[in-house]
Amino acid sequence: MKLSKNEVWNHTRNILLVVVGTLILAFGTAVFILPFNLIAGGMSGLAIVIDALIPAEFLTVDLIITILTWGLFFLGFIIFGKGFAAKTLISAIIYPAGTSLFLRLTEPDVLGGLFCLKESAYAELPLILAATVGGALVGIGCSLTFFGGGSTGGTDIIAFILCKLFKRLKSSTAMFLTDVTIVLLGVFLTNDLILSLLGVVSAMIIAIMIDKIFLGGTSAFVAQIVTDYGEEVNRAIIDEANRTTTIFEVRGGYSGQDKKMLTITFSMQHYTLLMDIVRRVDPAAFITIWRAHEIRGEGWTQ
C-alpha cells in the first residue's frame, strides 16, 4: 500500500526521534554514569552490578550492556512477539554500540581528555555533575525515544515478564521494583553510601525529566462540570474565558435527576477564572479536574 507524504514524514520523524533519543541516552550513560559507577537502575545499573559480581578483565561494562541488551531483546521477542521486538529493535542496535563508542571519549588521550571527567582538577564536582547531567541526559534520551514510538527495552522487559507472571502486578510497580532491586544491590556491592545516594539522585532526575518532557508535554487540564445550569455555564465560559465545551445529557445515579455535564480543556492560567465562573453561575455544580497528557486539535498543539 502506497504511503502518503504525511505518513512517510511521520515514519521518518519517529525513526529520527528514536535514533537521536537513543544516542543521547547512550552518551549520558557512557560519559557521565558509567565512569563513576553510578547505579541509577536500568541497564547501566545492572551492568555495573554484574561487573562488580564478576570481576573478569575481559568482561567490560559496555560488553555486559551489549550482552544484556540483545539477551533481553530476544527474550522479549520470544515472550511478547514481533510487535514488541519491532519497537525495541532500533534502540537495541544503537544503544550498546553508542555506549561503547562514547565510552572511548572518556579516555585521557581522546580529544585532549575533554570528556575524561574522573581526572578533572575540580575535586568532587565532576561526581556531582555526573549524577545530575547524566540523569538529565538519560531522561531526555528516553523521552525522545518514547515520542518516536520506540522503547528502550532493557530492564523494562524484566518488569513486563514479572507482570506476565504476576497478573495483579502493575507495570509501573514492576519497573519500580526492578530498579530498586538494582540500586539496593549496588549499595551492598559498592559499600559506598555517598556514591549510592548520588545514584538514587540520578535515578530521580531521570524520572523527573521523563515526567516533564514526555508526560508533561502540555500544561493542559480537563474538567468535567455536572450542573443544572449547563447552557448558562457554557455561555459564560465562552464569553469570559474564550474557551468552549462539549455538553452531555447525564442523569444522577442517586438522585435520578437529569443534568448537563460539560467537558472543557483549559490551561493553568484559566483555572481561577473557570472556577469563578462555575461558582457564580451554579455554586452546587460538581467539578472533576485532571491533568491531560496531550491534547491535539484546534486551539492546541498539532
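These figures come from a predicted structure and were not determined experimentally. Here, residue 1 is the first one in the sequence, and each next residue gets the next number.
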State, to 0.1 Å, how close [X] and [Y] come at their nearest heavy-atom pair, and which atoms those are.
| X | Y | value |
| --- | --- | --- |
| Gly42 | Asp179 | N-OD1, 2.9 Å |
| Leu25 | Cys142 | CD1-SG, 4.1 Å |
| Ala40 | Ile206 | CB-CD1, 4.3 Å |
| Ile264 | Thr245 | CB-CG2, 4.0 Å |
| Pro35 | Ala30 | CD-O, 3.0 Å |
| Ser91 | Thr145 | OG-CG2, 3.8 Å |

Is there a side-chain contact (heavy atoms from CB on, under 4.5 Å) between Ile225 and Ile237 once you walk through the steps? CA-CA 12 Å; Ile225 306 165; Ile237 289 173; 4.3 Å; yes

So [Y] and [X], do their side chains get closer than 4.5 Å, heavy atoms only?
| X | Y | result |
| --- | --- | --- |
| Val233 | Leu262 | yes |
| Ile64 | Ile54 | no |
| Ile50 | Leu68 | yes |
| Ser44 | Tyr95 | yes |
| His270 | Asn242 | no |

Is there a path of hydrophobic side-chain contacts, each under 4.5 Å between heavy atoms of I, L, V, M, F, W or Y residues, that connects [X] with [Y]?
| X | Y | answer |
| --- | --- | --- |
| Val250 | Ile247 | no |
| Phe102 | Leu129 | yes |
| Leu72 | Ile79 | yes |
| Leu75 | Phe77 | no |
| Val138 | Ile208 | no |

If I take atom [atom1] from residue [X] and atom [atom2] from residue [Y], how far apart are they, to the nearest 0.5 angstrom?
| X | Y | atom1 | atom2 | result |
| --- | --- | --- | --- | --- |
| Phe36 | Leu198 | CZ | CG | 10.0 Å |
| Phe32 | Leu38 | CZ | CG | 11.0 Å |
| Ile48 | Asn37 | CD1 | CG | 5.0 Å |
| Thr181 | Ile158 | OG1 | CD1 | 9.5 Å |
| Met43 | Ile182 | CE | CD1 | 9.0 Å |
| Ile65 | Thr60 | CD1 | OG1 | 9.0 Å |

After noting the C-alpha distance and the side-chain angles of Gln257 and Arg251, does the key distance pass the side-chain contact (heavy atoms from CB on, under 4.5 Å) rule? CA-CA 5 Å; Gln257 296 178 351; Arg251 177 176 294 174; over 6 Å; no

Take atom [atom1] of [X] as the centre, draw a 6.0 Å sphere, and report whether it contains more than 12 heavy atoms from other residues, nucleotides or ligands.
| X | atom1 | result |
| --- | --- | --- |
| Met204 | CE | no |
| Trp9 | CH2 | no |
| Asp239 | CG | yes |

Would you check, one step at a time, whether the test side-chain contact (heavy atoms from CB on, under 4.5 Å) holds for Met261 with Phe286? CA-CA 9 Å; Met261 182 175 75; Phe286 187 86; over 6 Å; no

Please test Val278 against Thr227 for side-chain contact (heavy atoms from CB on, under 4.5 Å), starting from the C-alpha separation and ending with a verdict. CA-CA 9 Å; Val278 177; Thr227 174; over 6 Å; no

Is there a donor-acceptor pair under 3.5 Å between the side chain of Thr66 and the backbone N or O of Asp62?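 Side chain of Thr66 to backbone of Asp62, a donor-acceptor pair under 3.5 Å: yes, one is there.
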
Does Leu103 offer a backbone N or O that forms a donor-acceptor pair with the side chain of Thr106 under 3.5 Å?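 Judged by distance alone, yes, a pair lies under 3.5 Å.
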
Tell me whether the rings of Trp70 and Phe74 are parallel (<30°), tilted (30 to 60°) or perpendicular (>60°).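 Tilted, since the angle between the ring planes falls between 30° and 60°.
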
Quick one: list whatever passes side-chain contact (heavy atoms from CB on, under 4.5 Å) with Thr272, sequence neighbours left out. Asp276

Between Thr246 and Thr263, is the side-chain hydrogen bond (donor to acceptor under 3.5 Å, both in side chains) condition met? List the steps. CA-CA 5 Å; Thr246 301; Thr263 299; over 6 Å; no

